[in-house]
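Data first, discussion second: the structure below is written as structure tokens.
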Amino acid sequence: MNKIIIVGGVAGGATAAARIRRLDESAQIIVFEKSENISYANCGIPYYIGGVIEGKGNLVLRTPESFRERYRIDVRVKNEVIKIDPDSKTVMVRDLGTGREYSESYDKLLLSPGAKPARPELPGSDSSRIHTVRTVDDAMKIREIITEKAMKSAAVIGGGFIGLEVAENLAKAGIDTTIVIRSNQLFPAMDEDMAHLIHTIFRTNGVKLLFRKDTKAFDETENGIRLVFGENDSLLADMVILAVGVSPDTYLAKDAGLKLGTSGGIEVDEHMLTSIPDIYAVGDAVEIKHQVTGQKTLISLAGPANKEARVAADNICGIASRYIGSTASSVIRLFDRTAAMTGINEKTAKASGIDYEKLVLSPADHATYYPGAKNMTMKVMYEKETLRILGSQIVGFEGVDKRIDVIATAMQAGMTITDLAELDLAYAPPYSSAKDPVNMAGFMAENIENGMVSQFHWEDLPSLQSDRNVFLLDTRTPAEYSRGHAASFVNIPVDELRDRLDEIPRDKPVYVMCQSGVRSYLACRILAQNGYRCYNLSGGYSFYKAAVLDEQTAVQKSE
């Protein structure tokens, strides 16, 4: 009979324990969890803080008692493993209730310690008005403070998943909320131009954004807590939420002599086995392979953690399962919008030396003749030589999750960007168009790769606007043009273009834009067949305005 010890519950440990029991009814399984909850929905914590999820019980997926009853597993909560001895195959445990320390032997050991929230050591950082968001207890404490002490304002430090979700829920609860970050954009996993769309969402919903602010100290006063950025530069709030990221909790692993990877996580192979025999590791504390770059990295997401746990459990029970890595697919709701991504962004592609092309399109989420259709903004990247899909980012209303999942599936299946054109996807007017947005990305790539059209991007505009050897053409209607246009662009509506070709010099390349890229593509086809060299603005004026002009205006107003 195998004796299996699991350190840590939640997504990794609890999933592995249940899987092991399903595979081996005779195994002796002990789970040590230092908190009082063996399995809880930490992804739901921001929504509990905001009152969307009511009652602590809705966050707790399984109690220690129900876990024991269902799986006949020895669950020991409030028991912390403080040391591992691989030579004797034992762990030292501290009972946090009594302080008693004792040892347990194991045949197989699975580590699922997770990650710990970063808490900068700054003057005043020990204030009771400063909170981290990681556990159910954290959520309960924050919600209690909000409801009982009538908090009116909050500063959220950090612009990642947790920071944005907490900020959204605080704002919805009527709290004056400010997000404070050191960089110049929210959501660092997204490209800056796509992140600007998220900035607009938060500003529209009353959340203030403070960029390039490095908190130097916290000063607690009678009126709240002051975030000090510099001399005569500070922010006063009733409470502070620290959401500046997490780091893998690898103390036990390092102390036991397990090998750590370059990013600081526990090194594991495709079977989730560490550098020491009979010790496995899963979850936020381990390095896994990114399917796009092939590099080992930290990916703190529940989906990969659950899959890793299943693979580790299989191998512990003698089934040679493999974990192939992750594309880091993720999705987040932000007020009435959804943002999602999979694969890598431009910054990573450049750092990895990948020669890539990008597509930007703004398709409707369903047939435009059916009521309620709204546009989403899609960015899709692919490798030029192989046409393999590198990643995608989408911001919109309905159907964003569906499209990112289709693209993620295509990536894992090894499909190329042009293969997306051939996907046979479900269609009905309330859900999509006959040419789904994913199909449209494939069509666009086909047109680029077969020479039907050439592109330029919003970042090319400054140099083009100062170049006298090009002709800049805006093919929208006069009404659209008058409401806002890019400097130096001449307005000739696409429907008049064939009759006004004599206004366009034939000895200069023509750079064309419209609102979304559709009419300008048609204009390029007309021009190309009349002997012109033509380039189409990816994403059109709407993306340029949202990603550049609106952001510039908002920053100027805040300064």
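Here the structure is a predicted model, which means the values were calculated and not measured.
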Exercise for the section: Starting from the C-alpha separation in whole Å, work towards a yes-or-no answer on side-chain contact (heavy atoms from CB on, under 4.5 Å) for Gln552 and Leu549. Expected result: CA-CA 5 Å; Gln552 290 175 350; Leu549 301 183; 3.9 Å; yes
Practice task
Apply side-chain contact (heavy atoms from CB on, under 4.5 Å) to Leu209 and Thr178, showing your working.
Solution key: CA-CA 6 Å; Leu209 307 179; Thr178 302; over 6 Å; no
Handout entry: All ring pair (Phe, Tyr, Trp, His ring centres under 6.0 Å) counterparts of His199, not counting sequence neighbours
Key = His196, Phe211
Practice task
Output the distance between atom CD (Gln412) and atom CD1 (Ile407), rounded to the nearest 0.5 Å.
Solution key: 14.5 Å
Problem - For Thr177, all residues meeting side-chain hydrogen bond (donor to acceptor under 3.5 Å, both in side chains), sequence neighbours excluded - result: none
Exercise for the section: Would you indicate whether Tyr431, at its atom OH, is surrounded by more than 12 heavy atoms from other residues, nucleotides or ligands within a distance under 6.0 Å? Expected result: no
Problem - From CE (Met411) to CD1 (Ile389), nearest 0.5 Å - result: 7.0 Å
Exercise for the section: Applying side chain to side chain donor-acceptor pair (under 3.5 Å), run through Ser35 and Glu33 and close with a yes or a no. Expected result: CA-CA 6 Å; Ser35 75; Glu33 169 57 49; 2.9 Å; yes
Handout entry: Any Glu357 side-chain heavy atom under 4.5 Å of Ile417 side chain
Key = no
Handout entry: Close side-chain approach of Arg310 and Tyr323, heavy atoms under 4.5 Å
Key = no
Practice task
Not counting sequence neighbours, which residues clear side-chain hydrogen bond (donor to acceptor under 3.5 Å, both in side chains) with Glu168? List them please.
Solution key: Lys172, Arg333
Handout entry: Donor-acceptor pair between Thr342 and Thr327 side chains, under 3.5 angstrom
Key = yes
Completion exercise
The reported gap from NE2 in His457 to CD in Glu346 (rounded to nearest 0.5 angstrom) is 7.5 Å
Completion exercise
Between Ala364 and Pro437, the two heavy atoms sitting closest are O-CG, 3.7 Å
Handout entry: Set of ring pair (Phe, Tyr, Trp, His ring centres under 6.0 Å) partners for Phe335, sequence neighbours left out
Key = Phe202
Handout entry: Least distance between heavy atoms, Asn169 atom then Pro46 atom
Key = CG-O, 3.2 Å
Exercise for the section: Determine whether more than 12 heavy atoms belonging to other residues, nucleotides or ligands lie under 6.0 Å from atom NZ of Lys78. Expected result: no
Problem - 4.5 Å side-chain heavy-atom contact, Glu398 and His366 - result: no
Practice task
Measure from the side-chain N and O atoms of Gln465 to the backbone N and O of Ala487, and report whether any donor-acceptor pair falls under 3.5 Å.
Solution key: yes
Completion exercise
In terms of heavy-atom contacts, Gly114 and Asp284 come closest through C-CB, 3.9 Å
Practice task
Check the pair Thr477, Arg519 against side-chain contact (heavy atoms from CB on, under 4.5 Å), reporting the backbone distance first and the verdict last.
Solution key: CA-CA 10 Å; Thr477 66; Arg519 284 173 287 175; 4.1 Å; yes
Practice task
Verify whether one side chain among Asn306 and Thr15 offers a donor that lies under 3.5 Å from an acceptor in the other.
Solution key: yes
Handout entry: side-chain contact (heavy atoms from CB on, under 4.5 Å) assessment of Leu210 paired with Phe229
Key = CA-CA 11 Å; Leu210 292 183; Phe229 309 127; 4.2 Å; yes
Practice task
Could you check if a side-chain atom of Asp436 sits within less than 4.5 angstrom of a side-chain atom of Arg403, using non-hydrogen atoms only?
Solution key: yes
Problem - Note, Gln515 side chain near Tyr541 side chain (heavy atom, < 4.5 Å) - result: yes
Practice task
Please name all residues satisfying side-chain contact (heavy atoms from CB on, under 4.5 Å) with Arg76, sequence neighbours left out, ordered by chain then number.
Solution key: Ile30, Phe32, Asp74, Asn79, Tyr102, Glu104
Problem - Atom of Ala339, atom of Phe187 and distance for their closest heavy-atom approach - result: CB-CE2, 4.3 Å
Completion exercise
By side-chain hydrogen bond (donor to acceptor under 3.5 Å, both in side chains), Ser263 pairs with (sequence neighbours left out) Glu287
Handout entry: Separation between CZ of Phe218 and CG of Leu227, rounded to the nearest 0.5 Å
Key = 5.0 Å
Handout entry: Contact check, side chains of Lys307 and Ser326, non-hydrogen atoms, under 4.5 Å
Key = no
Practice task
I would like to know whether Lys379 and Asp193 meet salt bridge (charged side-chain N to carboxylate O under 4.0 Å, His left out); could you show each step before the answer?
Solution key: CA-CA 10 Å; Lys379 185 174 188 178; Asp193 49 12; 3.1 Å; yes
Handout entry: Pairs where residues 390-409 contributes a residue and the test ring pair (Phe, Tyr, Trp, His ring centres under 6.0 Å) is met, not counting sequence neighbours
Key = none
Practice task
Could I get the full list of ring pair (Phe, Tyr, Trp, His ring centres under 6.0 Å) partners for Phe489, not counting sequence neighbours?
Solution key: none
Problem - Lys545 atom NZ, neighbour heavy-atom count above 12 within 6.0 Å - result: no
Handout entry: For Asn345, all residues meeting side-chain hydrogen bond (donor to acceptor under 3.5 Å, both in side chains), sequence neighbours excluded
Key = Thr348
Practice task
List for me each residue that meets ring pair (Phe, Tyr, Trp, His ring centres under 6.0 Å) alongside Tyr481, sequence neighbours excluded, and say none if there are none.
Solution key: His485
Fill in the blank from the handout: Of all heavy-atom pairs linking Ala312 and Met272, the shortest is CB-CB, 3.9 Å
For residues 231-240, tabulate all N or O donor-acceptor pairs below 3.5 Å that involve a side-chain atom, not counting sequence neighbours.
from   : atom 1 : to     : atom 2 : distance (Å)
Asp233 : OD1    : Lys213 : NZ     : 3.2
Asp233 : OD2    : Lys213 : NZ     : 2.8
Ser234 : OG     : Arg226 : NH1    : 3.1
Asp238 : OD2    : Lys152 : N      : 2.8
Asp238 : OD2    : Ser153 : N      : 3.1

Completion exercise
Value for CG (Asn375) from CG (Leu361), rounded to nearest 0.5 Å, stands at 10.0 Å
Exercise for the section: List for me each residue that meets side-chain contact (heavy atoms from CB on, under 4.5 Å) alongside His290, sequence neighbours excluded, and say none if there are none. Expected result: Val292, Thr293, Thr297, Ile299, Ala328, Ile344
Exercise for the section: Compare all side-chain heavy atoms of Val207 with those of Ile201 and state whether any distance is below 4.5 angstrom. Expected result: no
Problem - Worked check of salt bridge (charged side-chain N to carboxylate O under 4.0 Å, His left out) between Arg182 and Asp214 - result: CA-CA 5 Å; Arg182 298 171 65 178; Asp214 189 2; 3.6 Å; yes
Completion exercise
Of all heavy-atom pairs linking Gly294 and Lys289, the shortest is O-CG, 3.7 Å
Problem - Min side-chain heavy-atom separation Lys296-Thr262 under 4.5 Å - result: no
